[in-house]
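Note sheet for the following structure.
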Amino acid sequence: MSTTGEAGTGPTSTPPVRLLLCDDHAVVRAGLRALLSSAEGIEVIGEAGSGEEALALTARLRPDVVLMDLQLGEGMDGVTATRELTSAEPAPRVLVLTMFDTDADITRAIEAGATGYLLKAERPEELFAAIHSAASGRTALSAPVADRLLARMRSPRPTLSEREHDILGQLARGLGNREIARALFISEATVKTHLGRIYGKLGVETRAGAVAVAKERRLLW
């Protein structure tokens, strides 16, 4: 989009969104760079393969938006990097682009300061629009992510049994199934059964996700 300035100054153009890519897979970064090269008003100014590299490049290049993956291999994960980036001054907008859409992942990213949350299955046009929205400070969410957030807002707080609370507490301590069974004087099979119920109630699929959601909703005793 172009606008006309004052008389005698000629037309002026809106500068492109300066974008930094952060993904630990070089092939993914190359694919994103190639894709974004066809997008109007977006300029990829750098690539980071880790959270630490994203922080360093952001400080040097000053991007408008950082396109952030959540899983970054060893070292700093995408949520921690997002929190560090959004607390900096000046802070870029962080747009998460990931394959993961669990409640725990979405909640952690948004609480860390992410402006938007997109899934990698998104159509290119939606990604381009989300980058421009993020640069303007507007929230950008994939439709499945928005649906999950609305469903969570509408659903009542999950009710856990006393035994489920006990097991969550042991999970938060980092204990495995066998250690939990010994600590609570129950069988490993019983622990697994309770874990399945806990995962279902909290809308997660992993132990770490269960602990993250439990802490967020203050379900740990």
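Being a predicted model, the structure only gives us computed values, none of them experimental.
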Open item on the list: I'd like to check the side chain to side chain contact (heavy atoms under 4.5 Å, CB included) partners of L35; sequence neighbours left out, ordered by chain and number.
Closed with: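 Side chain to side chain contact (heavy atoms under 4.5 Å, CB included) check on L35 returns P124, L127, F128.
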- [ ] Sort out for me which residue in T82, T115, L67, V65 forms a side-chain contact (heavy atoms from CB on, under 4.5 Å) with V94.
- [x]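 For V94, the side-chain contact (heavy atoms from CB on, under 4.5 Å) test succeeds with only one of T82, T115, L67, V65, which is T82.
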Which value, rounded to the nearest 0.5 Å, describes the distance between [X] atom [atom1] and [Y] atom [atom2]?
| X | Y | atom1 | atom2 | result |
| --- | --- | --- | --- | --- |
| R138 | R93 | CZ | CZ | 10.5 Å |
| R18 | I45 | CZ | CD1 | 3.5 Å |
| D23 | S50 | CG | OG | 11.0 Å |
| H165 | L160 | NE2 | CG | 4.5 Å |
| Q170 | H194 | CD | NE2 | 12.5 Å |
| L141 | E122 | CG | CD | 10.0 Å |

Open item on the list: Between Y117 and T98, does the side-chain contact (heavy atoms from CB on, under 4.5 Å) criterion hold? Intermediate values first, please.
Closed with: CA-CA 8 Å; Y117 196 110; T98 181; 3.5 Å; yes
Treating Ile, Leu, Val, Met, Phe, Trp and Tyr as nodes and any side-chain heavy-atom pair under 4.5 angstrom as an edge, say whether [X] and [Y] lie in one connected cluster.
| X | Y | result |
| --- | --- | --- |
| V204 | I198 | yes |
| V66 | F100 | no |
| I110 | L95 | no |
| M68 | M99 | no |
| L20 | V44 | no |

What heavy-atom pair brings [X] and [Y] nearest, and what distance separates the two atoms?
| X | Y | answer |
| --- | --- | --- |
| A109 | L70 | CB-CD2, 4.3 Å |
| A140 | S133 | CB-CB, 4.4 Å |
| E53 | E47 | OE2-O, 3.7 Å |
| A114 | V96 | CB-CG2, 3.9 Å |
| L72 | D24 | C-OD2, 3.5 Å |

Would you say [X]'s side chain and [Y]'s backbone share a donor-acceptor pair under 3.5 angstrom?
| X | Y | value |
| --- | --- | --- |
| S38 | A34 | no |
| T86 | A112 | yes |
| E52 | M76 | yes |

Side chains of [X] and [Y] in contact at under 4.5 Å (non-hydrogen atoms):
| X | Y | answer |
| --- | --- | --- |
| I42 | P16 | no |
| P63 | T58 | yes |
| L36 | I131 | yes |

Task: Check against side chain to side chain donor-acceptor pair (under 3.5 Å), R207 and N177 - done: CA-CA 11 Å; R207 303 166 78 88; N177 288 3; 2.7 Å; yes
Open item on the list: Just checking R62: does its CZ atom have more than 12 heavy atoms from other residues, nucleotides or ligands closer to it than 6.0 angstrom?
Closed with: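 Yes, because the 6.0 Å sphere around CZ of R62 holds more than 12 heavy atoms from other groups.
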- [ ] Using a cut-off of 6.0 Å, state whether more than 12 heavy atoms not belonging to E179 lie near its atom CD.
- [x]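 Yes - once you tally the heavy atoms of other residues, nucleotides and ligands closer than 6.0 Å, there are more than 12.
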- [ ] Check the pair I180, L171 against side-chain contact (heavy atoms from CB on, under 4.5 Å), reporting the backbone distance first and the verdict last.
- [x] CA-CA 8 Å; I180 293 174; L171 280 184; 3.9 Å; yes
TODO: Go through the steps for L184 and R163 under the test side-chain contact (heavy atoms from CB on, under 4.5 Å), then give the verdict.
DONE: CA-CA 9 Å; L184 300 180; R163 178 60 80 192; 3.6 Å; yes
TODO: Give a yes or no on whether a salt bridge exists between E164 and R197, defined as a side-chain N under 4.0 angstrom from a carboxylate O.
DONE: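 So E164 does not pair with R197 through a salt bridge.
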TODO: For the residue pair T190 and S187, confirm or rule out a side-chain donor-acceptor distance under 3.5 Å.
DONE: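 Per modelled atom types, T190 and S187 side chains form a pair under 3.5 Å.
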Task: Derivation and outcome, side-chain contact (heavy atoms from CB on, under 4.5 Å), residues L21 and R33 - done: CA-CA 8 Å; L21 302 176; R33 180 182 279 274; 4.2 Å; yes
Open item on the list: Strictly by salt bridge (charged side-chain N to carboxylate O under 4.0 Å, His left out), give each pair with a member in residues 69-87 just once, sequence neighbours left out.
Closed with: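 Checked against salt bridge (charged side-chain N to carboxylate O under 4.0 Å, His left out) - neighbours excluded - the pairs reaching residues 69-87 are D69-K120, D77-R108.
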